[in-house]
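Structure first, commentary second.
The basis for the numbers below is simple: all heavy atoms, side chains too, and nothing from hydrogens, waters or symmetry mates. Here is the naming used below: chain letters follow the sequence lines, and residue numbers restart at 1 for every chain. No experiment lies behind these values; they were computed from the predicted model shown.
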2 protein chains.
Amino acid sequence: MFKPHHNHAKCTAKLISRAEEACEQRGSRLTDQRKDVLASIAESHVAVGAYEIIERMAARGPRPAPITVYRVLDFLLEHNLVHKIESRNAFVACACVHDNATPTLLICESCGVVDEIMQPLANENLQNAASANGFKINRTVIELSGTCQACANV
Amino acid sequence: MFKPHHNHAKCTAKLISRAEEACEQRGSRLTDQRKDVLASIAESHVAVGAYEIIERMAARGPRPAPITVYRVLDFLLEHNLVHKIESRNAFVACACVHDNATPTLLICESCGVVDEIMQPLANENLQNAASANGFKINRTVIELSGTCQACANV
DNA sequence: CCATTTATGTTATAATATAACGCTCATGTT
DNA sequence: AACATGAGCGTTATATTATAACATAAATGG
């Protein structure tokens, strides 16, 4: 189904080291468990459900309880190290650097790969529209489902 | 919590009659059950969960099974008569006319009211960005959570 | 070393959503 | 009318996603 078009080991390593940095900066601890969960999610760029994370972890060690994984997910979400795909109840490791801006998620319905792109113009439009309606944005979700380039070319 | 700032009965009536039209145009049937579910959702502009819909219906007649409500929801979603708030697993009746464009949902975290606005510019930006990445959009989700004007003024 | 917070473990359960199967009823056809 | 078809719905069971409540351990700051 999914074939990485890049050196994924390198990709994961980079992600973990960025996560370590981010936690250090914020004075929070990236514990082994948290690193494990993050690594499980980062196994691919495909969105993964919480219970699939449990399976992946069970394959390499003791099976964590759901609450354990959800607790870690909360931590990782707060630290912007993973994103929740709301339209799928699934998670992906954050693939790009975005300070406070909201990424647009491109979700392939065929292979499941989730790509992140920064779209400052769209964010600005939405911010303006919200303001015009007297609405104060706390959180923005932009998810586009469809067909990725790789799958379109098959 | 929520106090309508308008004549809601009128609002619902309009919604139902629009739904009837839409179904007629598409040659599908807006059965009593479907009308009931739609009316339950449209009781307010607050997003409502599937099981809360069941409660509302149970208050006025026999309690429907979850699958029943979900089936109706599928129908209503397909016909664009309701929207699913993905970030909340909840539903609202479609409040405005939008041909094929995607509405932006403004979700108040305080009162739960969901407002719909059309944001052609943002849609266009996202479409362009997707195209630039070779991504073909099938479905777009834009959800802004925050504080609505009414709640900000309290 | 103690107090406090943060992290984790354990058990149970809540909330959301779908599968599978069969019956009924409207509709169109012969 | 008799029949075939498919849409709508009923019923039972179960899958999937997420959280509550309470106990223990481990890190951190004074």
Side-chain angles (χ1 to χ4, degrees), chain A residues 19-20 22-38 40-41 46-58 61-79 81-92 107 112 141 143, chain B residues 19-20 22-41 46-58 60-79 81-92 107 112 141 143:
Chain A
E20 274 164 343
C23 286
E24 196 159 355
Q25 276 191 357
R26 290 190 41 177
S28 22
R29 297 189 297 142
L30 188 64
T31 62
D32 284 353
Q33 200 173 53
R34 289 168 177 171
K35 224 180 282 185
D36 273 5
V37 171
L38 183 55
S40 295
I41 298 170
V46 174
V48 55
Y51 283 75
E52 168 64 18
I53 294 171
I54 292 177
E55 292 308 317
R56 289 184 185 179
M57 292 178 76
R63 171 180 302 261
I67 185 74
T68 298
V69 168
Y70 279 103
R71 278 200 282 231
V72 172
L73 283 171
D74 281 347
F75 174 89
L76 297 173
L77 287 167
E78 265 169 25
H79 287 73
L81 298 173
V82 312
H83 299 300
K84 179 168 188 181
I85 315 293
E86 296 288 355
S87 55
R88 297 198 151 204
N89 300 318
F91 306 84
V92 280
I107 305 151
V141 173
E143 297 179 4
Chain B
E20 273 165 342
C23 285
E24 195 160 355
Q25 277 191 356
R26 289 188 44 175
S28 21
R29 296 164 41 207
L30 189 64
T31 62
D32 285 352
Q33 200 172 55
R34 287 168 178 171
K35 226 179 282 187
D36 274 5
V37 171
L38 183 55
S40 296
I41 298 171
V46 174
V48 55
Y51 283 75
E52 169 64 18
I53 294 171
I54 292 177
E55 293 309 317
R56 290 185 185 180
M57 292 177 75
R60 284 182 279 103
R63 173 179 300 263
I67 185 75
T68 297
V69 167
Y70 279 104
R71 279 199 282 230
V72 172
L73 284 170
D74 280 347
F75 174 89
L76 297 174
L77 288 167
E78 266 169 25
H79 287 72
L81 298 174
V82 311
H83 298 300
K84 178 168 187 181
I85 316 293
E86 296 289 355
S87 55
R88 298 199 151 202
N89 298 320
F91 306 85
V92 280
I107 307 151
V141 173
E143 297 179 5

Inset, instruction - Going 5' to 3' through nucleotides 6-13 of chain D, assign each nucleotide B (protein heavy atom under 4.0 Å from a base atom), S (under 4.0 Å only from sugar-phosphate atoms) or - (no protein heavy atom that close). - result: --SBBBB-
Legend entry - 5'-most by nearest nucleotide on DNA chain C - B:F91 or A:Y51: A:Y51
Legend entry - Check: B:K35 and B:T31 side chains under 4.5 Å, non-hydrogen atoms: no
Inset, instruction - Would you mind reporting whether B:L73 and B:K84 have side-chain heavy atoms less than 4.5 Å apart? - result: no
Legend entry - Boundaries of the chain A footprint along DNA chain C (any atom under 4.0 Å from a heavy atom): C:dA7 to C:dT11
Inset, instruction - State which residues pass salt bridge (charged side-chain N to carboxylate O under 4.0 Å, His left out) with B:E78; sequence neighbours excluded, sorted by chain then number. - result: none
Legend entry - Residues which pass salt bridge (charged side-chain N to carboxylate O under 4.0 Å, His left out) with A:R63, listed by chain and number, not counting sequence neighbours: A:E55
Legend entry - Heavy-atom side-chain contact between A:C23 and A:R34 under 4.5 Å: no
Inset, instruction - Considering just the side-chain nitrogens and oxygens of A:N89, establish if one lies under 4.0 Å of OP1 or OP2 belonging to D:dT16. - result: no
Inset, instruction - State, with a plain yes or no, whether a side-chain heavy atom of A:V92 is found less than 4.5 Å away from one of A:V48. - result: no
Legend entry - Partner residues of B:F75 under the ring pair (Phe, Tyr, Trp, His ring centres under 6.0 Å) criterion, sequence neighbours left out: B:H79
Inset, instruction - Please identify each residue that fulfils side chain to side chain contact (heavy atoms under 4.5 Å, CB included) with B:E143, with sequence neighbours left out. - result: A:V141, B:I85, B:E86, B:S87, B:L105, B:I107, B:V141
Legend entry - Under 3.5 Å donor-acceptor pair, A:Y70 side-chain atoms to D:dA20 base atoms: no
